Amino acid sequence: MEPLILGIESSCDETSVALLRGKQVLSNIISTQIKIHEEYGGVVPEIASRKHIEAIDIVMEEALKEAGVTLDEVDAVAVTAGPGLVGALLVGVSYAKALAYALHVSLIPVHHIEGHIAANYIAFPDLKPPFVALVASGGHSHIVYAKAEMEFEILGQTIDDAAGEAFDKVARVLGLSYPGGVKIDHLSKQGNKDAYPLPKAKVQGYNFSFSGVKTAVMNLLHHAEQVGESVNKADLAASFQENVVQVLREHTIAAARERNVKQICLAGGVSANSRLREVFDEMKDEFSIYYPPLQLCTDNAAMIACAGGILHRQKIVAPLDLNAYPSVKLGERIL
Ligand code: KG4
Ligand code: ZN
């Protein structure tokens, strides 16, 4: 039987614990703090840490119950060690260290982005590298070449805002609540994506820049307000979304062609976007396109346990003085 891995995720505003055997999810409990941070229009780090502390015991109990297992059956504890909010990360890391120590099992440090990519291994257990992954979330926008199961090369990344961050900021100026990505996605369905032409940033290589398009939306709204013109919010949301989605698509496809790979994986919160999925699905003649189900796109511990299981097989173990690494890069081993 494959080892039983307990995964813990607490890098931002979701407290999550999952139990996996190989790529099979026995439980994946997610307690989200969205309602709490909503009134501030974004995540408040200090509040996030406190809420993780309150939630983590309850979430773990529920995860064990749903999986129908006990702690003494756990073979290893995997935890997001970075990147993320340092106080939030420390809650999960401290909890995982205590658990691994008490249970006499290995502690496995997982990079949050390799977790997001691993969500595709849960959804598609037969998926094998090489592939190119687009990881787009609230904190990251990376194009990654996966050479082997946990071996990555960054081909491109954002030079300013992450894609999800741009979605959330634009949503805010459109009067939509945090986190705005999913609300823009829904509103865009009633809008015309060609209504407002917005600038596409020219950035070197496969890097991205989303602050220009974000500022263009803000300027357009300010200008309209000053001259007393009305703005069709659904049209503006759809135009913004189309701009971001096309930039993500163009760069990812170009990177995949250059590397001559035929598989593309989408990952991270923004990969839940329905238009993003649609434009990638249109490339199915040339590439096999993979994206996880919605609940595995946004932050969850199942993806961390899955990545942890692979690292466990590779005998990657962290010492019990493991720290949290708020800005560790993908590919840098956390030890
Ligand atoms: O992966 P995630 O849960 O957390 C980070 O690691 O950052 O991603 C959250 C981000 C938020 O910015 C949220 O607005 C965005 O993913 N998001 C979406 C959609 N669902 C979530 N963006 C666009 N369309 C969506 N449907
Ligand atoms: Zn994430």
Side-chain angles (χ1 to χ4, degrees), residues 12 34 37-38 40-43 134-143 154-255 266-283 297-298:
C12 190
I34 284 176
H37 299 290
E38 208 171 19
Y40 304 98
V43 179
L134 167 68
V135 188
S137 71
H140 324 279
S141 298
H142 285 66
I143 295 177
I154 299 172
L155 302 179
Q157 58 192 301
T158 182
I159 57 164
D160 40 55
D161 291 4
E165 195 181 345
F167 265 98
D168 294 341
K169 286 179 181 164
V170 164
R172 197 170 170 176
V173 293
L174 288 174
L176 306 168
S177 61
Y178 173 84
V182 64
K183 283 148 200 148
I184 290 194
D185 191 350
H186 290 157
L187 184 60
S188 296
K189 291 192 199 303
Q190 302 146 34
N192 170 10
K193 63 181 171 45
D194 303 315
Y196 293 100
L198 296 165
K200 266 191 196 163
K202 296 258 178 299
V203 195
Q204 237 198 335
Y206 302 121
N207 286 342
F208 306 112
S209 163
F210 295 114
S211 77
V213 62
K214 174 196 72 184
T215 310
V217 171
M218 288 174 174
N219 289 344
L220 194 146
L221 283 166
H222 284 153
H223 177 75
E225 199 180 312
Q226 273 167 358
V227 299
E229 271 175 17
S230 69
V231 170
N232 183 316
K233 288 190 176 176
D235 285 352
L236 187 54
S239 303
F240 162 76
Q241 174 177 274
E242 190 65 15
N243 182 296
V244 173
V245 159
Q246 290 299 348
V247 170
L248 292 171
R249 183 189 67 89
E250 283 160 20
H251 288 210
T252 308
I253 298 289
L266 308 182
V270 179
S271 65
N273 186 272
S274 59
R275 181 65 186 147
L276 185 79
R277 292 171 168 222
E278 201 171 86
V279 301
F280 273 94
D281 281 342
E282 284 164 9
M283 304 301 300
C297 286
T298 45

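Because the structure is a prediction, the values reported are computed rather than measured.
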When rounded to the nearest 0.5 angstrom, what is the spacing between [atom1] in [X] and [atom2] in [Y]?
X: Leu276; Y: Leu134; atom1: CG; atom2: CG; answer: 6.5 Å
X: Phe208; Y: Ile143; atom1: CZ; atom2: CD1; answer: 3.5 Å
X: Leu198; Y: Gln246; atom1: CG; atom2: CD; answer: 13.0 Å
X: Glu250; Y: Lys200; atom1: CD; atom2: NZ; answer: 4.0 Å
X: Gln241; Y: Lys189; atom1: CD; atom2: NZ; answer: 7.5 Å

N/O donor to acceptor pairs below 3.5 angstrom from side-chain atoms of residues 158-168, sequence neighbours left out:
residue: Thr158; atom: OG1; partner: Asp160; partner atom: N; Å: 3.2
residue: Thr158; atom: OG1; partner: Asp161; partner atom: O; Å: 2.5
residue: Asp160; atom: OD1; partner: Phe210; partner atom: N; Å: 2.9
residue: Asp160; atom: OD1; partner: Ser211; partner atom: N; Å: 3.2
residue: Asp160; atom: OD2; partner: Ser209; partner atom: OG; Å: 2.6
residue: Asp160; atom: OD2; partner: Ser211; partner atom: OG; Å: 3.3
residue: Asp161; atom: OD2; partner: Lys214; partner atom: NZ; Å: 2.8
residue: Glu165; atom: OE1; partner: Ala162; partner atom: N; Å: 2.9
residue: Glu165; atom: OE2; partner: Lys169; partner atom: NZ; Å: 3.1
residue: Asp168; atom: OD1; partner: Gly180; partner atom: N; Å: 3.0
residue: Asp168; atom: OD1; partner: Gly181; partner atom: N; Å: 3.3

Q: Output all residues satisfying side chain to side chain contact (heavy atoms under 4.5 Å, CB included) with Asp281, sequence neighbours left out; order by chain, then residue number.
A: Lys284, Ile289, Tyr291
So, for [X] and [Y], which heavy atoms are closest and what is the spacing to 0.1 Å?
X: Leu187; Y: Ala237; result: CD2-CB, 3.9 Å
X: Asn273; Y: Asp185; result: CA-OD2, 3.4 Å
X: Asn207; Y: Gln157; result: OD1-N, 2.9 Å
X: Ala272; Y: Cys297; result: N-SG, 4.0 Å
X: Pro199; Y: Asn243; result: O-ND2, 3.1 Å
X: Cys12; Y: Val43; result: SG-CG2, 4.0 Å

Q) Can you list the steps and then say if Val170 with Leu176 is a side-chain contact (heavy atoms from CB on, under 4.5 Å)? A) CA-CA 9 Å; Val170 164; Leu176 306 168; over 6 Å; no
Q) Under 3.5 Å, is there a donor-acceptor pair between the side chain of Arg277 and the main chain of Ser271? A) yes
Could you tell me if the side chain of [Y] sits less than 4.5 Å from the side chain of [X], heavy atoms only?
X: Leu236; Y: Leu221; answer: yes
X: Arg275; Y: Lys193; answer: yes
X: Phe240; Y: Leu174; answer: no

Q | side-chain contact (heavy atoms from CB on, under 4.5 Å) assessment of Thr252 paired with Tyr206 | A | CA-CA 8 Å; Thr252 308; Tyr206 302 121; over 6 Å; no
